[in-house]
Undergrad: 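The structure follows.
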Amino acid sequence: MSEALQSLLDLLDLERIEEDIYRGRSRSAVVPRVFGGQVAAQAMVAAGRTVPEDRHAHSLHAYFLRPGDPGAPIVYNVDRLRDGRSFTTRRVVAVQHGKPIFTLSASFQTYEEGLDHQAPMPPAPDPATLPTGEERLRSYPHLPADTVERFLETRAAVDLRYVEDPPYGDFGTPREPHSQVWFRTNGKLADDPLLHVVLATYVSDMTLLDSVLLAHGRGGWAVGDVVGASLDHAMWFHRPFRADEWLLYDQQSPSASGGRGLGQARIHTQDGRLAVSVVQEGVVRVPREH
């Protein structure tokens, strides 16, 4: 396991400070606030620790309320909303400086047999044939060196490979609002299903709004031609998967309006199983000229 992945796992390993109350640490992201994927992942850890082991996460729905302060701990309060025969529901509120910064509702289910169908996996090149994230980032001379290093530091725990240039790599001309990324953790994980859900939740917030930027030829926060933040985030976990094995994150944007952009995505395993569906809306604003 890489040192960066172990550091991320340590970050996600919350401290229990009271019944159904947990505390997590934070760290800086590419932008000067707590990375939204970190808060969502930590909230799922908090929820999962109050659920029987035979019930696995099948969905989450979250709202980002305030920017997180990377210099302060985050307290996660878990409400046990329901424990039914098949489903368990939890609500988590993340608090900093006495105010909620994030809320999450998560549902867990015991295993059941049932109807089964899925959308086919879209075509995509083998991840082994693609440049690594570091190779791509270092190939863009227009990106400031400190921006490149921040990207590399915050994504060091994950092997994330774009199929085509990301928004900050090739911008200025609108492109199809569609982006594909292969990802897996930089090291093997334990067999705990919740851990793999948590890591996928963490990664899911990294690139989902890329397709919004592509539609308008914008490079994004890395080059400063938009400002933005995640507003809400939803995930449905359809089938078992491992976050330490290659996953295809196929993302598109059907709409942007009112200073907001919508991203939709599906995550497939390398052998073609539809594992996760994801939807996120975020603030995407063009900076005002003074």
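Hydrogens, waters and symmetry mates play no part in the numbers below; they use all other heavy atoms, side chains included.
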Undergrad: Determine which pairs satisfy salt bridge (charged side-chain N to carboxylate O under 4.0 Å, His left out) with at least one residue from residues 2-12, sequence neighbours left out, and list them in order.
TA: none
Undergrad: Test of understanding: with salt bridge (Lys or Arg N to Asp or Glu O under 4.0 Å), list the residues that count as partners of D271, not counting sequence neighbours.
TA: R273
Undergrad: May I ask you to say whether R161 pairs ionically with E134, meaning some side-chain N is under 4.0 Å from a carboxylate O?
TA: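 Salt bridge absent between R161 and E134.
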Undergrad: Enumerate the residue pairs fulfilling ring-ring contact (aromatic ring centres under 6.0 Å, His included) with a member in residues 230-255, sequence neighbours excluded, ordered by first and then second residue.
TA: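 Pairs touching residues 230-255 that pass the test: H61-W236.
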Undergrad: Roughly how far, to the nearest 0.5 Å, is CZ of F183 from CG of D159?
TA: 11.0 Å
Undergrad: Does the distance from a Lys or Arg side-chain N to an Asp or Glu carboxylate O, for K99 and D69, drop under 4.0 Å?
TA: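 Salt bridge between K99 and D69, a charged N being under 4.0 Å from a carboxylate O: no.
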Undergrad: Could you check whether any side-chain N or O of Q38 sits under 3.5 Å from a backbone N or O of R25, counting only pairs where one atom can act as donor and the other as acceptor?
TA: yes
Undergrad: Report the residues that fulfil salt bridge (Lys or Arg N to Asp or Glu O under 4.0 Å) with D126, sequence neighbours left out, ordered by chain and then residue number.
TA: none
Undergrad: Scan residues 90-118 for pairs that pass ring-ring contact (aromatic ring centres under 6.0 Å, His included), counting only residues two or more places apart or in two chains.
TA: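 Qualifying pairs, neighbours excluded: F64-F102.
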Undergrad: By side chain to side chain contact (heavy atoms under 4.5 Å, CB included), which residues pair with T173, not counting sequence neighbours?
TA: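 For T173 there are no side chain to side chain contact (heavy atoms under 4.5 Å, CB included) partners, ignoring immediate neighbours.
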Undergrad: Salt bridge between R49 and D20, side-chain N to carboxylate O under 4.0 Å?
TA: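 Looking at R49 and D20, the cut-off is not met.
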Undergrad: Does the distance from a Lys or Arg side-chain N to an Asp or Glu carboxylate O, for R138 and E149, drop under 4.0 Å?
TA: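 Yes, this pair counts.
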Undergrad: What I want to find out is whether R266 reaches D250 closely enough, with some N-O distance under 4.0 Å, to be called a salt bridge.
TA: no
Undergrad: Quick test of your reading of the model: are R175 and D165 salt-bridged, counting only N-O distances below 4.0 Å?
TA: no
